S.K.: 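I have a structure here, written as structure tokens, and I will follow up with some questions on it.
Keep in mind that what you see is a predicted model, and the values were worked out from it rather than measured. Here is the naming used below: chain letters follow the sequence lines, and residue numbers restart at 1 for every chain.
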Amino acid sequence: MRITVDAERCIGAGMCALTAAEVFDQDPDDGHVLLLRAEPPAVHRAAAQMAAGVCPSGAITINGPESSGS
Amino acid sequence: MGESLNTVTTMPTARQAGCPFDPPAELIDAHRHAPISRYTFPGGKPGWLITGYDLVRAVLADSRFSSRKELMLHPTIDYGDFEVPAAPPGEFLLMDEPQHSRYRKPLMGKFTVRRMRLLTERVEQITADHLDAMEKAGPPADLVTAFARPVPAIVICELLGVPYQDRGSFQEQVDSFMNGETSDEDLMTAYAATQDYLAQLVAAKRANPTDDILSDLTDSDLNDEELQGIALLLLAAGLDTTANMLALGTFALLRNPEQLAALRAEPELADRAVEELLRYLSVAKTFMRTALEDVELGGRTIEAGSRVILSYNTANRDPERFTDPHVLDLRRQHGGHLAFGHGIHQCLGQQLARVEMRVAFPALVNRFPTLRLAVPAEEVDLRPETADIYGVKSLPVTWDA
């Protein structure tokens, strides 16, 4: 799994940081998404997938296998 | 698609007797037929009513659907040839890009998950103070005036920098905009008074900045009129929505005693309980969009210029998305309800609302182990569906002292 984020699309709703705090945070100044782990370990992948799904602005893209694989 | 096209000619405006938490029965019926129906606006203009989760979410994420105020029609009132003015400066909920971002961007860093969680202790203190006062004065009590309104009012006023002594009158003004029952004349009076007040407040922050969001914003390139618009939007949104979630949510918990008992017994349930109450109650029930071009949706063509009513409360009860959607189940594990909307307008203050509810519901139910309605449930006075935000006008409760 490889994650990319588009801070320009981000609207600062915070759903990513709420859903997958190990993978995403928000910039304390402007609220934009911060990607903590572009290739999260297996234990955090399901949450990362969910975070991408609930992102209201479609700012998170996930490539590669969803929750298994390396 | 194969389904015949269903037409809804009047927006249902009453909930079924005895089912105050469920969307109006006619809306659920419309959804049972299809997730999208033809809708005839008062005055005869054709439009669409979307009741299904997937379609509501798709429209909210699609920039071909506009949020501009001047393109909207009222879902239940015929204003004839009256032309709706564009949203005033700062009211970014009713704007498209790039105007929307101009206002939202400077605010995004102020409502992050982390920043809102830092408020937890202060919210706990405000909550405890009001529970103390309620305990001392009662039983019985009106939960709305004793708890559900003042707690979020104090929190949002402190965040924005509304002085303590002004909170009471401001709270009343906001209530008169939102309760759905204020006469047009009184609405205009309340609106003018609020505008006057906010103009003075913005001027005061410019002259003497303090530690609050409004003062911070005077440092940006936004002018006074824009700051007033933003302040009004944030105060109204931050107060009325959470206040109604707290009161209606408490009512729902009291009507589902086994759920209430679970929340009391299992503190770790609180986060999920808040999400489930948001889904189940969907107090911000409907939003509007206008198609800027022809859009294919759910097997239909939404013609350019047509207005679309998005029903959040039926979308959040969509059986295609949620198992047993009409059941309040605080243990439900799901993400992605639409109670805060979706797309670029998704609620800016949602993380604040979560912190407030996360603190307030458990504190209330633990402080009053014998909390119950003081009147028969049928006698609880509900807000009409014509109000922008659904809720109760008052909630008489009692307990064993």
Side-chain angles (χ1 to χ4, degrees), chain A, chain B residues 53-54 56-63 67 92-93 96-98 100-118 213 216 219-220 271-272 274-275 278-279 321 333-355 358:
Chain A
M1 170 186 273
R2 180 160 184 86
I3 305 172
T4 52
V5 296
D6 181 352
E8 277 306 299
R9 287 183 77 101
C10 175
I11 53 139
M15 289 308 294
C16 56
L18 184 78
T19 311
E22 307 288 339
V23 182
F24 303 99
D25 200 351
Q26 291 172 278
D27 185 302
D29 294 324
D30 63 21
H32 283 129
V33 55
L34 291 178
L35 182 57
L36 304 177
R37 298 167 191 225
E39 294 181 36
V43 62
H44 300 314
R45 281 179 206 154
Q49 191 77 42
M50 193 180 289
V54 296
C55 172
S57 61
I60 301 170
T61 307
I62 294 188
N63 293 302
E66 290 195 4
S67 55
S68 59
S70 55
Chain B
Y53 180 92
D54 287 342
V56 167
R57 203 170 185 272
V59 170
L60 291 168
D62 191 333
S63 60
S67 294
F92 58 92
L93 188 63
D96 292 340
E97 299 298 15
H100 163 263
S101 272
R102 169 172 163 72
Y103 297 112
R104 183 159 179 140
K105 290 255 174 210
L107 292 165
M108 278 165 40
K110 319 239 175 253
F111 289 94
T112 61
V113 172
R114 204 175 283 272
R115 214 182 252 241
M116 294 302 104
R117 281 191 182 151
L118 289 176
I213 290 177
D216 285 358
D219 241 358
S220 68
D271 288 333
R272 246 191 261 176
V274 166
E275 300 305 317
L278 284 162
R279 179 197 75 83
R321 179 65 175 72
Q333 194 143 29
H334 65 76
H337 63 69
L338 299 172
F340 290 120
H342 184 67
I344 63 165
H345 292 285
Q346 194 184 59
C347 180
L348 176 72
Q350 61 181 291
Q351 307 303 347
L352 172 61
R354 285 192 170 93
V355 168
R358 171 75 177 74

S.K.: Quick one: closest heavy-atom pair of B:V113 and A:A17, and the distance?
M.R.: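 Closest approach of B:V113 to A:A17, heavy atoms only: CG2-CB, 4.1 Å.
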S.K.: Count the heavy-atom pairs under 4.5 Å between each of B:C347, B:G341, B:G343 and chain A, then report the option with the highest count.
M.R.: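 Maximum pair count with chain A is reached by B:G343.
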S.K.: Listing request: all side chain to side chain donor-acceptor pair (under 3.5 Å) pairs with a residue in residues 13-27 of chain A, at least two apart in sequence or in separate chains.
M.R.: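 Every pair satisfying side chain to side chain donor-acceptor pair (under 3.5 Å) with a residue in residues 13-27 of chain A: A:D25-B:R114.
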S.K.: With rounding to the nearest 0.5 Å, note down the distance linking SG in A:C55 to NE2 in B:H342.
M.R.: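 Interatomic distance, A:C55 SG to B:H342 NE2, rounded to 0.5 Å: 7.5 Å.
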S.K.: Hey, are the side chains of A:L18 and B:R354 touching, using non-hydrogen atoms and a 4.5 Å cut-off?
M.R.: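 In contact.
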S.K.: Let me confirm one number: the CG-NZ distance from A:D30 to B:K110, rounded to the nearest 0.5 Å.
M.R.: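 If we round to the nearest 0.5 Å, A:D30:CG and B:K110:NZ are 10.5 Å apart.
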S.K.: Compare every heavy atom of B:Q346 with every heavy atom of A:A13, then report the nearest pair and how far apart it is.
M.R.: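 So the two residues come closest at CB-OE1, 3.2 Å.
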